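What follows is a short report on a single structure.
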Amino acid sequence: MLKGFRDYIRTYNMIEPGDEVVAGISGGADSVCMLLNLLELKDEYEFTVKVVHINHKIRTDAANDALFVKELCDRYGLEYHLFEEDVEKMAKNEGISTEEAGRKIRYERFRQVMTSSNAKIVVAHNRNDAAETVLFNIFRGTGLEGLASIVPVNGDIIRPLLGVPREEIEAYLSEKGQIYR
């Protein structure tokens, strides 16, 4: 897993020495896998890692996700930022979907944590997410532009797991004995 993760980062020039990496960690398999791999490369690439967790206040057990991520950060000595946001209220107030409101809040909070001009936002989309995006766009009747999927690098946003299928992520975590939410 680590070799493929490193190769993907190199192929797309995602991380450079001295970068500030702001990682969106939900506590799910994808983000936990991403965090563990980032930690493996942190010294080699000489970058810093800050973790952002957003409680969207939608699920009743979301506070447990936040606690899980905080404990991961404590274990590895990482800077942890928790934001609690009423996503459903924002969606209603702005007349947008809950999904769009959540995305908007996440990226606003990631950028709020950034303190360096060479900061990158790292999110844990995987190969399955990319395929689902294309199918979703087809089903909603998109034109040719909508057939594009998630890209590995989009400005300051990087997705180093985009080439990895979900099954490989789960196998990696199982091999490591690492639980996730």
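None of the values given here were measured: they were computed from a predicted structure.
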- Message: Using ring centroids (six-membered ring only for Trp), state whether Tyr107 and Phe110 fall under 6.0 Å.
- Response: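 Close enough - the centres of the two rings lie under 6.0 Å apart.
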- With sequence neighbours excluded, what pairs up with Arg106 under the salt bridge (charged side-chain N to carboxylate O under 4.0 Å, His left out) test?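 None.
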Ignoring hydrogens and angles, tell me if any N or O in the side chain of [X] forms a donor-acceptor pair with the backbone of [Y] under 3.5 Å.
X     : Y     : value
Asp19 : Val21 : no
Asp86 : Lys89 : yes
His53 : Leu82 : no
Ser31 : Gly27 : yes

Side-chain heavy-atom pair [X], [Y] within 4.5 angstrom cut-off:
X      : Y      : result
Ile105 : Ile54  : yes
Ile179 : Leu173 : no
Leu36  : Leu2   : no
Ile158 : Lys120 : yes
Glu84  : Lys57  : yes

- Is there a salt bridge (Lys or Arg N to Asp or Glu O under 4.0 Å) between Glu71 and Arg75 once you walk through the steps? CA-CA 6 Å; Glu71 289 171 351; Arg75 182 182 329 151; over 6 Å; no
- Show your working on salt bridge (Lys or Arg N to Asp or Glu O under 4.0 Å) between Arg181 and Asp65 and close with a plain yes or no. CA-CA 7 Å; Arg181 298 278 303 160; Asp65 295 346; 2.6 Å; yes
Can you tell me how far [atom2] of [Y] sits from [atom1] of [X], rounded to the nearest 0.5 angstrom?
X      : Y      : atom1 : atom2 : answer
Met34  : His125 : CE    : NE2   : 10.0 Å
Gln112 : Glu108 : CD    : CD    : 9.0 Å
Asn37  : Lys42  : CG    : NZ    : 14.5 Å
Ser26  : Phe68  : OG    : CZ    : 9.0 Å
Leu161 : Tyr8   : CG    : OH    : 9.5 Å
Glu167 : Asn126 : CD    : CG    : 8.5 Å

Do [X] and [Y] sit in one hydrophobic cluster, given that two such residues count as connected whenever their side-chain heavy atoms are within less than 4.5 Å of each other, even indirectly?
X      : Y      : result
Tyr80  : Leu72  : yes
Val113 : Tyr76  : no
Ile9   : Val32  : yes
Leu35  : Val164 : yes
Leu162 : Leu41  : yes

- Any salt bridge (charged side-chain N to carboxylate O under 4.0 Å, His left out) pairs touching residues 150-159, not counting sequence neighbours?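 Non-adjacent pairs meeting salt bridge (charged side-chain N to carboxylate O under 4.0 Å, His left out): Arg111-Asp156.
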- side chain to side chain donor-acceptor pair (under 3.5 Å) between Lys50 and Thr115, worked out: CA-CA 10 Å; Lys50 296 179 178 182; Thr115 60; 3.1 Å; yes
- Message: If you apply the rule salt bridge (Lys or Arg N to Asp or Glu O under 4.0 Å), what do you find for Lys92 with Glu88, and how did you get there?
- Response: CA-CA 6 Å; Lys92 183 178 177 184; Glu88 289 179 330; over 6 Å; no
- Query: So does Arg127 pair up with Glu168, basic N to acidic O under 4.0 Å?
  - Reply: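 Salt bridge absent between Arg127 and Glu168.
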Check [X] against [Y] and note the closest heavy-atom contact, atom names and distance.
X     : Y      : answer
Thr98 : Val87  : O-CG1, 3.4 Å
Asp30 : Ala124 : CB-O, 3.4 Å
Cys33 : Tyr172 : SG-CD2, 3.6 Å

- Query: Do you know which of Glu40, Glu16, Arg10 makes side-chain hydrogen bond (donor to acceptor under 3.5 Å, both in side chains) with Tyr45?
  - Reply: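 Per the side-chain hydrogen bond (donor to acceptor under 3.5 Å, both in side chains) rule, the option paired with Tyr45 is Arg10, out of Glu40, Glu16, Arg10.
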- Candidate pair Val123 and Ile157, rule side chain to side chain contact (heavy atoms under 4.5 Å, CB included), full reasoning: CA-CA 7 Å; Val123 291; Ile157 302 167; 4.0 Å; yes
- Item | Residues that Arg6 engages under side chain to side chain donor-acceptor pair (under 3.5 Å), provided they are two or more places apart |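 Once residues adjacent in sequence are excluded, the partners of Arg6 under the side chain to side chain donor-acceptor pair (under 3.5 Å) criterion are Glu44.
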